[in-house]
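This report concerns only the one structure given below.
The figures here come from the full heavy-atom set of this structure, side chains too, leaving out hydrogens, waters and symmetry mates.
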Amino acid sequence: CLLEEVYLYETNIGDKGATILAESLHINQRLLMMNVAECNITKTGWNEFLPILCDTTSISATHGSNHTLQCLGEYRVPANVQNILVLNKEQDKS
């Protein structure tokens with residue numbers, strides 16, 4: 001799939017939808033932006049993205065994390081998730 005952007009703004013997917021989307025990002029190395037702002041996602045749902053974006057369970061897992069996704073929307077994305085997304089925007093990922 002060549003999809004690079006998905007807009008789900010105000011779709012009310014909630015934590016369950018966030019979990020499904022986060023799991024799908026594990027194998028996606030193409031998507032740059034997925035706007036899920038204003039989707040009734042709580043801290044629980046946002047935290048589902050963390051191990052996908054930066055899995056620290058091992059060096060291999062960290063290397064295999066999704067380093068492509070750069071944005072999940074600009075509104076109400078928690079700082080801990082946003083910080084990882086900012087790292088993905090950097091040119092040098094070595």
Side-chain angles (χ1 to χ4, degrees):
C1 180
L2 301 177
L3 191 63
E4 292 183 356
E5 295 182 6
V6 174
Y7 291 86
L8 299 170
Y9 182 79
E10 291 186 332
T11 55
N12 199 26
I13 62 169
D15 292 341
K16 187 173 182 176
T19 299
I20 293 167
L21 290 171
E23 290 171 358
S24 72
L25 291 172
H26 184 66
I27 58 170
N28 184 299
Q29 299 298 317
R30 193 81 149 145
L31 194 66
L32 298 173
M33 196 279 289
M34 179 168 47
N35 189 335
V36 291
E38 291 298 310
C39 289
N40 292 323
I41 300 172
T42 68
K43 182 179 180 180
T44 301
W46 287 114
N47 285 340
E48 293 294 326
F49 289 98
L50 292 174
I52 302 304
L53 295 170
C54 188
D55 185 347
T56 59
T57 58
S58 70
I59 292 172
S60 179
T62 302
H63 184 280
S65 296
N66 182 307
H67 300 290
T68 308
L69 189 67
Q70 299 176 4
C71 181
L72 287 169
E74 298 299 325
Y75 189 66
R76 294 189 182 172
V77 177
N80 58 341
V81 176
Q82 193 72 319
N83 289 340
I84 295 172
L85 294 169
V86 167
L87 291 174
N88 284 352
K89 288 181 183 179
E90 293 181 3
Q91 295 287 346
D92 182 17
K93 295 180 183 176
S94 58

Heavy-atom pair of closest approach, residues T11 and C39:
OG1-SG, 3.5 Å
Do D15 and T44 get their side chains close enough for a donor-acceptor pair, meaning under 3.5 Å?
no
What closest approach, in Å, do E74 and C71 show between heavy atoms, and which atom pair accounts for it?
OE2-SG, 3.3 Å
Any side-chain heavy-atom pair from T62 and T57 closer than 4.5 angstrom?
no
In this structure, CD of E48 is separated from NZ of K43 (nearest 0.5 Å) by 13.0 Å
Using side-chain heavy atoms (C-beta onward) and a distance below 4.5 Å, is L85 in contact with Q82?
yes
Measure across Q29 and H67 and return the closest heavy-atom pair with its distance rounded to 0.1 Å.
OE1-N, 4.2 Å
To check you understand the geometry: which heavy-atom pair defines the closest contact between I41 and W46, and what is its length?
O-NE1, 3.3 Å
Residues clustering with I27 (ILVMFWY side chains joined when closer than 4.5 Å, directly or via others):
none
Give the minimum heavy-atom separation between N35 and A37, together with the two atoms involved.
OD1-N, 3.0 Å
Check the pair L69 / L32 against side-chain contact (heavy atoms from CB on, under 4.5 Å), numbers first and verdict last.
CA-CA 4 Å; L69 189 67; L32 298 173; 5.9 Å; no
Atom OG1 in T19, atom CG in N47: separation rounded to 0.5 Å?
10.0 Å
Within the distance-only criterion (no hydrogens, no angle test), does the side chain of H26 pair as donor or acceptor with the backbone N or O of G64 below 3.5 angstrom?
no
Would you check if the side chain of N66 reaches a backbone N or O of L25 as a donor-acceptor pair within less than 3.5 Å?
yes
Using a 4.5 Å cut-off on heavy atoms from C-beta on, say whether the side chain of V6 contacts that of M34.
yes
Answer yes or no: is there a side-chain heavy-atom contact under 4.5 Å between R30 and E4?
yes
Would you call I13 and L21 a side-chain contact if the rule is heavy atoms closer than 4.5 Å?
yes
Say you draw a straight line from NZ of K89 to CD1 of I84; how long is it, rounded to the nearest 0.5 Å?
13.5 Å
Determine whether Y7 and M33 make a side-chain contact, defined as any pair of heavy atoms from C-beta on separated by less than 4.5 Å.
yes
Is there a donor-acceptor pair under 3.5 Å between the side chain of S65 and the backbone N or O of D55?
yes
Is there a chain of hydrophobic side chains (I, L, V, M, F, W, Y, each step under 4.5 Å between heavy atoms) that links F49 to L3?
yes
Start with the C-alpha gap between V81 and L53, add the side-chain angles, then the distance that decides, and say whether side-chain contact (heavy atoms from CB on, under 4.5 Å) holds.
CA-CA 8 Å; V81 176; L53 295 170; 4.2 Å; yes
